[in-house]
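Chain identifiers are assigned alphabetically (A, B, ...) following the order of the sequence lines, protein sequences preceding nucleic acid strands; residue numbering begins at 1 within each chain. When reading the values below, keep in mind they use all heavy atoms of this one structure, side chains included, and skip hydrogens, waters and symmetry mates.
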2 protein chains.
Amino acid sequence: MAVKKKDHGRGTALASSLPAAGMQVKGRLWLEKDGEAFLSWGRVVLLERIRDLGSIAAAARSMEMAYSHAWSMVADINRLAGEELVSRTFGGRKGGRAWLTPAGEKAVAGFWQLVARFQEWIKHQQF
Amino acid sequence: MAVKKKDHGRGTALASSLPAAGMQVKGRLWLEKDGEAFLSWGRVVLLERIRDLGSIAAAARSMEMAYSHAWSMVADINRLAGEELVSRTFGGRKGGRAWLTPAGEKAVAGFWQLVARFQEWIKHQQF
DNA sequence: ATTTGCTATTTATTTTTTAGAATAACGCAT
DNA sequence: ATGCGTTATTCTAAAAAATAAATAGCAAAT
């Protein structure tokens, strides 16, 4: 397998330093709202997949994640954001669909900007 | 309980930004050697406890960690370092003891220096 | 009305991770 | 030589996390 589908787990690094003597500094960032996990790598990837694929079910499948898990993540994200980052309808010929609101798009973009700064910082760290 | 004893788990942040609107940037760093986890917060705390308490068993107890888990962490750390960061003897009146080698002390100090830089960086990040 | 494929929700199962228990070996001190 | 509390090691149990399964509701299109 060329690229792992499930490369967004908890222990997985978001950034890493340039290797020196086989030793690398690895790191991970996430956002908390009122002390509760709000956005992390995996969650932001999920949001992007929802945007790209148009449904929570398809997004979950593409990440080899259980639908119920993806669904509860979306519920948490919307609740903690205090507004909908993901909107959806259900019913209809195609069963329903889900999409990112403008606030959702902003959150995704903002997270990746933060990650980019982190990657830049960590690149210059050494042990 | 004033201070949690087990505050060094995988999902626990090493650093966090100043809270803005209830939203905080949290982060975690670790070191990998040849792609395998080498030093992380929990492992470095374990090394410090070994230094302070003089045995792996006492260190594990103080962190409410199973001895067998602490023991295998020490084995991994020494293996990945390519030299002993923790030395030990066994047998004797007091059963045996463990201590940090100079290389072990250096590793602990170096890790906290890295963490300090990380905390300084993340403090100024915002989402 | 029926079909369709999703959302929504709960419950059960599996997997993974971590803790715990149990046993042997060790060697110094008594 | 015996007792002691550790290191060392393996195996089992428990806890946590993730997946899977199962069911109902929905509304557009046929």
Side-chain angles (χ1 to χ4, degrees), chain A residues 4-12 28 30 36-37 40-43 45-47 49-79 84-101 104, chain B residues 4-12 28 30 36-37 40-43 45-47 49-79 84-101 104:
Chain A
K4 276 197 296 184
K5 281 182 194 161
K6 300 183 69 172
D7 57 355
H8 41 74
R10 286 239 289 217
T12 317
R28 194 170 172 80
W30 65 94
E36 193 174 350
S40 57
W41 184 13
R43 289 180 178 209
V45 170
L46 177 64
L47 293 184
R49 298 292 176 95
I50 290 171
R51 177 189 60 200
D52 296 344
L53 299 172
S55 86
I56 296 173
R61 275 196 301 274
S62 81
M63 297 172 73
E64 294 185 351
M65 177 186 292
Y67 171 78
S68 53
H69 189 197
W71 179 87
S72 74
M73 275 184 172
V74 169
D76 286 345
I77 289 168
N78 281 344
R79 174 177 53 83
E84 285 197 331
L85 301 194
V86 176
S87 283
R88 61 271 230 206
T89 58
F90 61 97
R93 189 72 181 92
K94 297 199 299 181
R97 65 195 187 88
W99 64 94
L100 291 192
T101 64
Chain B
K4 277 197 297 185
K5 281 182 193 161
K6 301 182 67 171
D7 58 355
H8 41 74
R10 280 225 313 200
T12 318
R28 193 170 173 80
W30 66 93
E36 194 174 348
S40 57
W41 184 12
R43 289 181 178 209
V45 170
L46 177 65
L47 293 185
R49 299 291 177 95
I50 290 171
R51 177 190 60 201
D52 296 343
L53 299 172
S55 86
I56 296 173
R61 274 197 303 272
S62 82
M63 297 173 72
E64 294 187 350
M65 177 188 293
Y67 170 79
S68 52
H69 189 199
W71 178 86
S72 73
M73 275 184 175
V74 169
D76 285 346
I77 289 168
N78 281 344
R79 175 176 54 82
E84 284 197 333
L85 301 195
V86 176
S87 283
R88 61 271 230 208
T89 59
F90 62 99
R93 187 71 180 94
K94 297 200 298 181
R97 64 193 187 91
W99 63 95
L100 292 192
T101 63

Visitor: In whole Å, I'd like the distance from the OH atom of B:Tyr67 to the C1' atom of D:dA13.
Guide: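 These atoms are roughly 20 Å apart.
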Visitor: I need the minimum non-hydrogen distance between A:Trp71 and A:Ile56, along with the two atoms involved.
Guide: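 The pair with the smallest heavy-atom distance is N-CG2, 4.2 Å.
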Visitor: Between the protein and nucleotides 27-30 of chain D, list every N/O to N/O distance that falls short of 3.5 Å.
Guide:
| from | atom 1 | to | atom 2 | distance (Å) |
| --- | --- | --- | --- | --- |
| D:dA27 | O4' | A:Gly92 | N | 3.2 |
| D:dA27 | N3 | A:Gly92 | N | 2.6 |
| D:dA27 | N3 | A:Gly92 | O | 3.4 |
| D:dA28 | N3 | A:Arg93 | N | 3.4 |

Visitor: Kindly state which residues belonging to residues 68-76 of chain A come within less than 4.0 angstrom of DNA chain C, counting heavy atoms of the residue only, listed by number.
Guide: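 Going residue by residue through residues 68-76 of chain A, the ones with a heavy atom under 4.0 Å of DNA chain C turn out to be A:Ser68, A:Trp71.
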Visitor: B:Met63 has an atom CE; how far is it from atom C1' of C:dG20, in whole Å?
Guide: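 Atom-to-atom, B:Met63 to C:dG20, this comes out as 17 Å.
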Visitor: Can you name the closest pair of heavy atoms from B:Tyr67 and B:Ala60 and give their distance?
Guide: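 Closest approach of B:Tyr67 to B:Ala60, heavy atoms only: CA-CB, 3.9 Å.
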Visitor: Not counting sequence neighbours, which residues clear side chain to side chain contact (heavy atoms under 4.5 Å, CB included) with A:Ala66? List them please.
Guide: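 Side chain to side chain contact (heavy atoms under 4.5 Å, CB included) list for A:Ala66, sorted by chain: A:Ser68, A:His69.
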Visitor: What is the distance, to the nearest angstrom, from the CG atom on B:Asn78 to the C1' atom on D:dT7?
Guide: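 Going from B:Asn78 (CG) to D:dT7 (C1'), I get 13 Å.
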Visitor: Is A:Arg97 close enough to C:dG5 that one of its side-chain N or O atoms is under 4.0 Å from OP1 or OP2 there?
Guide: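 It does not, given that no N or O in the side chain of A:Arg97 lies less than 4.0 Å from OP1 or OP2 of C:dG5.
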Visitor: Rounded to the nearest Å, what distance is computed from the CZ atom of residue A:Arg61 to the C1' atom of nucleotide D:dT19?
Guide: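 Checked: the CZ to C1' distance equals 15 Å.
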Visitor: Excluding sequence neighbours, so at least two apart, what forms side chain to side chain contact (heavy atoms under 4.5 Å, CB included) with A:Leu53?
Guide: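 Once residues adjacent in sequence are excluded, the partners of A:Leu53 under the side chain to side chain contact (heavy atoms under 4.5 Å, CB included) criterion are A:Arg49, A:Ala58, A:Ser62.
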Visitor: Test of understanding: with salt bridge (charged side-chain N to carboxylate O under 4.0 Å, His left out), list the residues that count as partners of B:Arg93, not counting sequence neighbours.
Guide: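 With neighbours one apart ignored, the set is empty.
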Visitor: Looking at A:Leu47 and A:Val86, what are the two nearest heavy atoms and their distance?
Guide: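 Closest approach of A:Leu47 to A:Val86: CD2-CG2, 3.5 Å.
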Visitor: Take the protein atom CG of A:Leu46 and the nucleotide atom P of D:dT19, then report the distance between them rounded to whole Å.
Guide: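 It works out to 11 Å between those atoms.
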Visitor: Between A:Met65 and A:Val45, is there a side-chain heavy-atom distance shorter than 4.5 Å?
Guide: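 Side-chain contact under 4.5 Å: no.
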Visitor: Return the nearest nucleotide to the side chain of A:Met65; candidates are C:dC6, D:dT6, D:dT19.
Guide: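 Closest nucleotide among those given: D:dT19.
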Visitor: Identify, with sequence neighbours excluded, every residue that meets side chain to side chain contact (heavy atoms under 4.5 Å, CB included) alongside B:Ser87.
Guide: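 B:Glu84, B:Trp99, B:Thr101.
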Visitor: Taking side chain to side chain contact (heavy atoms under 4.5 Å, CB included) as the test, write out the residues that go with A:Asp76, two or more places apart.
Guide: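 Residues passing side chain to side chain contact (heavy atoms under 4.5 Å, CB included) with A:Asp76: A:Arg43, A:Arg79.
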Visitor: Quick one: B:Ile56 CD1 to D:dT6 P, roughly how many Å, whole number?
Guide: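 One finds 12 Å between P of D:dT6 and CD1 of B:Ile56, rounded.
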Visitor: When the distance from CD of A:Glu64 to C1' of C:dT14 is rounded to whole Å, what number comes out?
Guide: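 For the pair A:Glu64 CD and C:dT14 C1', the rounded distance is 16 Å.
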